[in-house]
Amino acid sequence: MNVHLINPSSVSFGTAVITPRWQYVLAAATPKSFGDPIQMDPEQIQPGDAVGIGIHTANALRGYEIGKIARERGAYVIFGGIHATLYPQEAVDLGGAHAVVKGDGDIAWAKALEDCRAGTPKAVYVGGQIEASDFVAARWDLVPRDRYMWASVQTVRGCPKHCSFCSVWRTDGQRPRQRTSDVVIEEIVQLRRLGFRFVALADDNFYPVTQTDIKLATAQKNTARLSELNAIRDERFELMSRLAQLPDDMVFFTQITMEAAEDTEFLDAMKAAHIKGALVGVEAVTPAGLKDVYKDFNLAGEDLIERLKTFRRHGVHVLGSFIFGLPSDRPETFDATVAAAISAEVTFAQFVTLSPYPGTVDFIKWEKGLGANPPMIAGIPLTRRWLIPQNLRPKLYWDHPVMSAEEIRSRTQAVWDNFYSFNSIWKRSSFIKSKRGRLAFVLISKIYRQMYADTGIATDSARVSRSREWVRWLAIPCRRLFAGRPMPDLQIPQMAAPAFAAGTGD
Ligand code: SF4
C-alpha cells in the first residue's frame with residue numbers, strides 16, 4: 001500500500017512560494033511500515049493505496065475532484081484540514097472520502113492508515129487539539145528543494161484573541177500550544193543544512209502573551225496565571241536567542257498582533273533572531289472598523305501609524321493586512337487606508353475584502369441572515385459558496401449600507417494598483433542600499449501583488465490568467481534569489497545565554 005499526500009491547488013505557478021507544511025508533518029507521522037509517502041501526483045494512485053487530502057475552504061472544491069478520482073482508482077481516501085474538520089459529511093458526499101480526520105492529524109493519521117490497511121476505515125477520526133509536546137516534526141528530507149522558495153516551521157498553535165472574521169481561535173483554540181525551542185531549532189537547522197535560507201514561522205500568533213496579559217494577572221494577584229504567562233514568554237525569548245545564533249543569511253517571517261510593538265524588548269529579540277518581517281493584521285484604520293471585526297485591541301489613526309512604525313524602527317518589516325467592505329467603511333476609507341499604510345511605512349500590504357469563512361463568528365451571522373432558503377447559484381446555495389464553480393462565485397458576499405459590491409471591488413483593486421505602482425514600490429525600496437537589492441525588492445513586490453490582487457478580486461478571467469503567467473516567469477529568478485548554499489555541517493545552536501533571558505515586562 002502506497003501513501004499519497006495531496007495538497008489540492010488549481011493555481012500553480014510551477015514554483016510554489018511556501019512549502020505546505022502539513023504534507024511533511026503527515027509524512028513524518030506515517031508509520032515506517034508504509035514507506036515514504038508519495039506526494040503531489042494523483043496519476044500514480046493504485047488500487048488499495050491510501051490518499052490523504054488536506055483542504056481549507058479555498059481549495060475544498062479542487063480537493064473533492066481529486067478525492068473522487070482517487071476513489072475511482074480504488075484507493076482509500078482520507079480527508080483532513082480545517083474545512084474537512086468543519087464539514088466532514090461534505091468530504092464524504094462530494095469528495096469520495098472513506099474517512100475524515102477532524103482537528104490535529106499528528107496522531108490520528110497513523111490510526112487512520114492502519115485501519116485502511118486492515119480494510120476497516122472509520123468514518124471519522126477525532127484528532128482534536130493535541131498538546132504541543134505531541135506535535136510531529138516535519139520530514140524535510142522528502143522536500144524537493146527547488147520547488148519552494150520558503151520552508152515553513154510552526155512554533156506555536158492557537159491564538160488567545162477572538163476576531164470575528166478568523167477561524168483560528170475556534171479551530172486551533174485560544175490557549176497557545178507552544179513547541180519547545182529544541183524541536184523547533186532542530187527542524188530549522190535541518191532546513192538550513194538543505195539550503196533553505198528563508199523560513200516562514202507558520203504560527204497563528206508569534207506573540208501569544210502581551211504586556212496587558214501580564215499586567216492584568218499581576219493586578220489580580222493571580223500567581224498561577226502569571227507564572228504560566230511568564231513561562232510562555234521566557235520560552236519565546238529562549239527560541240529567539242537560539243535563532244540569533246544561526247547563519248546571518250537566514251531570514252524568518254511570521255504573523256503577529258500589533259501589540260508586540262508595545263514590547264520593544266521583544267521586537268529587538270526578533271531582529272536579533274533574523275525575524276525580519278511579520279504579517280500584522282491591521283484590518284481597519286478607524287475605531288468603528290476595528291469594532292466591526294471585534295479587534296478593538298488594535299489602535300487606529302495616528303496611534304496606529306506610530307505603532308506600525310515602531311516595528312520598522314526596531315528592524316522588523318511589516319506586511320500590513322487590511323480588510324475592505326466593513327459595514328463602517330465609506331468611499332473615503334479606501335484612500336485613507338492606503339495613505340495610512342504608506343505613512344506607517346509598511347513594507348508590503350494586502351487589501352482583502354470581507355468574506356465569511358466557515359468556522360468564524362461572521363460566517364454564522366451571515367448564514368443565519370440568509371435564512372432557510374438562501375439564494376442559489378448553479379444549483380448551489382450561497383451559504384456553501386466554496387462549492388460554486390470559481391468563475392460563477394460572487395466577488396463579495398455582504399450587502400453594504402452605502403456601497404455596491406462593484407464599488408467595493410473596484411475601489412479595492414484601485415488601492416492595490418496605487419500601493420504597488422512602480423513609483424510607490426521604488427520609493428519604499430529606498431531602505432535597501434544596493435541597486436541590485438532594490439530591483440529584487442521591486443520584483444518581489446510585483447510578484448506579491450500579482451499573486452494576491454488579481455487572482456482574488458479581478459473580475460476578468462483574462463486578467464487572472466495573465467497574472468498567473470506573469471508570476472510563473474517572475475518566480476524563476478526569485479527562486480534563485482531565495483536559495484542558499486547547503487550547509488550540511490551546520491551545528492544546532494545551544495540554549496540561551498543567561499544575559500539574554502527575558503524580563504517579565506512588569
Ligand atoms: S485574526 Fe489573528 S489575532 Fe485575530 S484571532 Fe485570528 S490569529 Fe488571532
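All values below were derived from every heavy atom in this structure, side-chain atoms included, with hydrogens, water molecules and symmetry-related copies excluded. Whatever order the structure lists them in is the order used to number ligands and atoms, beginning at 1.
- Across N205, V280, T257, heavy-atom proximity to atom 3 (S) of ligand 1 is greatest for T257.
- Protein heavy atom at the shortest distance from atom 4 (Fe) of ligand 1 is C163 SG, 2.3 Å.
- In this structure, R312 is positioned above the aromatic face of F431, its NZ or CZ under 6.0 Å from the six-membered ring centre and within 45° of the axis.
- Every atom of ligand 1 is numbered from 1 in the order shown, and the set under 4.0 Å from a heavy atom of C159 is 3 (S), 5 (S), 7 (S), 8 (Fe).
- Atom 2 (Fe) of ligand 1 has its nearest heavy-atom neighbour, among K161, E283, K295, H162, in K295.
- The distance from atom CG of L191 to atom OH of Y24, rounded to the nearest 0.5 Å, is 11.0 Å.
- A cation-pi contact, defined as under 6.0 Å to the ring centre and within 45° of the axis, is absent between R428 and F441.
- For atom 8 (Fe) of ligand 1, the set of nearby N, O or S atoms under 2.8 Å includes none belonging to C166.
- For the pair D204 (side chain) and C159 (backbone), a donor-acceptor distance under 3.5 Å is absent.
- The atoms of ligand 1 that sit less than 4.0 Å from any heavy atom of W169 are 5 (S).
- Using a cut-off of 4.0 Å between Lys/Arg side-chain N and Asp/Glu carboxylate O, R233 and E238 are scored as not salt-bridged.
- Aromatic ring centres of F324 and F334 lie closer together than 6.0 Å.
- For ligand 1 and D204, the ligand atoms under 4.0 Å from any heavy atom of the residue are 7 (S).
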